[in-house]
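Here the structure is laid out as structure tokens; the discussion comes afterwards.
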Amino acid sequence: DLLAGMDGVPLAVELMAYAAQGQPDLAEVAQRWQAERTGMLQRMGGARRELSVAVSVEASVTAPLMTAPAMRLLGLLGVLPDGVAREDLTALLPDDGLAGAAVLRQLGLAFGEGDRLRTLAPVREHFAAAHPPVPADLDLAVSHYAQLAAVTGRQVGRSDGARAAARLQADTGNIAAMLERAAADRRTEELANALYGLAEYWRHTGLTQPALIKIAEDAIQAHGSTFQQAQTWRALGDLAYYRSDYDGARAQFERALPLYQRIGDVLGEANCIRSLGNIAMDRSDHDGARAQYERALPLYQQAGDVLGEANCIKSLGNIALDRSDHDGARAQYERALPLYQQAGSVLGEANCIRSLGNIAMDRSDHDGARAQYERALPLYQQVGDVLGEANCIHGLGEVALARSDHDGARAQYERALQMYQAIPDPYSVGWTLVLLARIDSADSERARHWRAAREAWTSIGRDDLIESVKAEFE
């Protein structure tokens, strides 16, 4: 970890080695690094550039070639651990970004890496300590990255979702750093909007940043408006729901619901009610789920939200499918599909198509099921929805298994399993492992898969699932 912090700078590595001499272990050195940063990277008083990282960097900073725009950009690079994307240079420094970048490259203080301007970690640490950004530039950076998280996060799961997810992943450290500053400065509107967008990104990709969530949640709880609090609790509820943490999700939705009602936000109210229906549905409480969806549907229609309306209709189709009412389910899915297309929801469209594939599968129409899964799969890939992609691959495994193609089924299940584990989705991980256990003839492999399935379900408190199949393997 210490070497990673040196970012391959030879002088920094050598000076860190001198600092480590005589220490009983590297833990104490690491503690010093956390406290002192580049201040500890010197020896013999650090009077010359070969004896001090700070002196070495300052020799370039104070060179005659240095300009005011370059100094402003240098200050920002000190607080942006991921560097700056080329497209962000003019957003952060509208008149000076490109010119400043050119000077920093010439001085060797920054370098191009793909489409980003970066600086090495020890250099960045010195910038942060000795040349903090101009307050106005820092304020703009906070706003820029908060807006990036808010807007781009909402694009994940839509038509250009894969690109949006890649964009956010490249700026993970920058967004976290700027949102932590937003929290410290009580900029709760920007913080709440950013967290809402990030929650969408996290739930679709399986990535998460628990420390950032805690910082943002605490700041919004202490200083945010009623709407900002409701928006945040619902976003965190969605995230918990997609992690199969149903108790955590319910608590967040029930926390947000009365806040939406208090301020007369009909759409927010409808979203919370539908989400509570989703939890009931996943717990096989069909009557409870139906009641919540039918309660939410007219609220969506009142708010003119076509996407929410489509989601409720599709969910009613899911209830019909679970009750083996294939005709009723198909009618609801076919009713929802054009609404999703009207709303421009590629994800909703993909979900309907995959559900039509599930109906075909239940009716032993294997060719029809395969066609629908293969139709939905690229839509999920287009929007960057890993869970949907994994579900389609899992469905293709079921088609192979139904045709007694055990090798083909195993390959698809193992492919889906890796995705479920990456998200993570313990519920689906457990079921996929059970299916692998069923098709493995070797006793040792069956036992291994079953143990892993039990661990996955135990992690989310689903002892009922364990009991439902335990007799097969024990």
* **Derivation and outcome, side-chain hydrogen bond (donor to acceptor under 3.5 Å, both in side chains), residues Arg154 and Tyr196** => CA-CA 8 Å; Arg154 287 173 170 85; Tyr196 186 90; 5.6 Å; no
* Asked: Stepwise, does the side-chain contact (heavy atoms from CB on, under 4.5 Å) test hold for Arg181 with Val79?
  -> CA-CA 10 Å; Arg181 290 180 182 270; Val79 296; 3.5 Å; yes
* To do: Kindly determine whether Val142 and Asp185 satisfy side-chain contact (heavy atoms from CB on, under 4.5 Å), including the steps that lead there.
  => CA-CA 10 Å; Val142 171; Asp185 294 340; 5.6 Å; no
* **Residue pair Leu92, Leu80: steps toward the side-chain contact (heavy atoms from CB on, under 4.5 Å) verdict** => CA-CA 12 Å; Leu92 294 172; Leu80 297 173; 4.2 Å; yes
* To do: Report the C-alpha separation of Val156 and Trp202 in whole Å, then their side-chain angles, then the decisive distance to 0.1 Å, and conclude whether the side-chain contact (heavy atoms from CB on, under 4.5 Å) test is met.
  => CA-CA 9 Å; Val156 181; Trp202 291 329; over 6 Å; no
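Salt-bridge formation is detected for the pair Asp96/Arg72: a Lys NZ or Arg NE/NH1/NH2 atom is positioned less than 4.0 Å from an Asp or Glu carboxylate oxygen. Using a 4.0 Å cut-off between a side-chain N of Lys or Arg and a carboxylate O of Asp or Glu, Glu217 and Arg255 qualify as a salt bridge. Salt bridge status for Asp285 with Arg290: absent, with no side-chain N to carboxylate O gap under 4.0 Å. A salt bridge is defined here as a Lys NZ or Arg NE, NH1 or NH2 lying under 4.0 Å from an Asp or Glu carboxylate O, and Arg167 with Asp88 meets this definition. Ionic pairing of Asp238 and Arg234 is present here: one or more N-O contacts between side-chain nitrogen and carboxylate oxygen are shorter than 4.0 angstrom. For the pair Asp247 and Arg462, the salt-bridge criterion is not met [side-chain N within less than 4.0 Å of a carboxylate O]. A salt bridge does not link Arg250 to Asp245: none of the charged side-chain nitrogens sits closer than 4.0 Å to a carboxylate oxygen.
Heavy-atom contacts from other residues, nucleotides or ligands closer than 6.0 Å to CD of Gln221 number more than 12. Heavy-atom contacts from other residues, nucleotides or ligands closer than 6.0 Å to CD of Gln381 number more than 12. A 6.0 Å sphere centred on CZ of Arg163 holds more than 12 heavy atoms belonging to other residues, nucleotides or ligands.
Closest of all the heavy-atom pairs between Ser355 and Leu321 is O-CD2, 4.5 Å. Among all heavy-atom pairs drawn from Ala101 and Leu117, the shortest one is CB-CD2, 3.7 Å. The nearest pair of heavy atoms linking Pro426 to Ser459 is CB-OG, 3.8 Å. Between Asn174 and Gly83, the shortest heavy-atom distance links the atoms ND2-O, 2.8 Å. The shortest non-hydrogen separation linking Leu93 to Pro69 is CD1-O, 4.2 Å. Here the shortest heavy-atom pairing between Gln229 and Gly224 reads NE2-O, 3.4 Å.
Under the 4.5 Å side-chain criterion, counting only non-hydrogen atoms from C-beta, Leu73 is in contact with Leu104. With a 4.5 Å cut-off on side-chain heavy atoms, Asp171 and Arg116 count as touching. Considering only heavy atoms from C-beta on, Glu398 comes within 4.5 Å of Met361 through its side chain. Using a 4.5 Å heavy-atom threshold, the side chains of Thr432 and Glu414 count as separate. With a 4.5 Å cut-off on side-chain heavy atoms, Gln332 and Lys314 do not count as touching. Between Leu77 and Leu109, the closest side-chain pair of non-hydrogen atoms is not below 4.5 Å. Considering only heavy atoms from C-beta on, Leu239 comes within 4.5 Å of Ile213 through its side chain. With a 4.5 Å cut-off on side-chain heavy atoms, Asp425 and Ser244 count as touching.
Panel note: side chain Glu200, backbone Gly197; no donor-acceptor pair is recorded below 3.5 Å. The main-chain N or O of Thr172 is found under 3.5 Å from a side-chain atom of Asp82 such that the two form a donor-acceptor pair. Between the side chain of Thr188 and the backbone N or O of Ile220, no donor-acceptor pair lies under 3.5 Å. Using modelled atom types, one side-chain atom of Arg187 and one backbone atom of Asp139 make a donor-acceptor pair closer than 3.5 Å.
We find the CG-NE2 distance between Leu191 and His223 to be 10.5 Å, quoted to the nearest 0.5 Å. A distance of 7.5 Å separates CD1 of Ile175 from OH of Tyr201, quoted to the nearest 0.5 Å. Atom CG of Leu417 is separated from atom NE2 of His449 by 8.5 Å, given to the nearest 0.5 angstrom. In this structure, CD1 in Ile423 is found 11.5 Å from CZ in Arg203, a value given to the nearest 0.5 Å. Between the CD atom of Glu389 and the CG atom of Leu377 there is a distance of 5.5 Å, given to the nearest 0.5 Å. For the atom pair CG of Leu212 and CG of Leu179, the computed distance is 5.5 Å after rounding to the nearest 0.5 Å.
With hydrogens and angles left out, the side-chain atoms of Tyr293 and Asn278 include a donor and acceptor closer than 3.5 Å. With no hydrogens or angles considered, no side-chain donor-acceptor pair links Ser284 and Asp322 at under 3.5 Å. Defined by atom type and a distance below 3.5 Å, a donor-acceptor pair is present between the side-chain atoms of Tyr340 and Asn311.
Classification of the Phe227-Tyr260 ring pair by plane angle, with boundaries at 30° and 60°, yields perpendicular. Using the six-membered ring where Trp is involved, Trp457 and Trp450 have ring planes that are perpendicular, over 60° apart on the 30 and 60° scheme.
The residue from Tyr246, Tyr427, Phe253 that alone fulfils the ring pair (Phe, Tyr, Trp, His ring centres under 6.0 Å) condition with Tyr241 is Tyr246. No option in Ile393, Asp385, Leu387, Ile353 other than Asp385 meets the side chain to side chain contact (heavy atoms under 4.5 Å, CB included) test with Tyr380.
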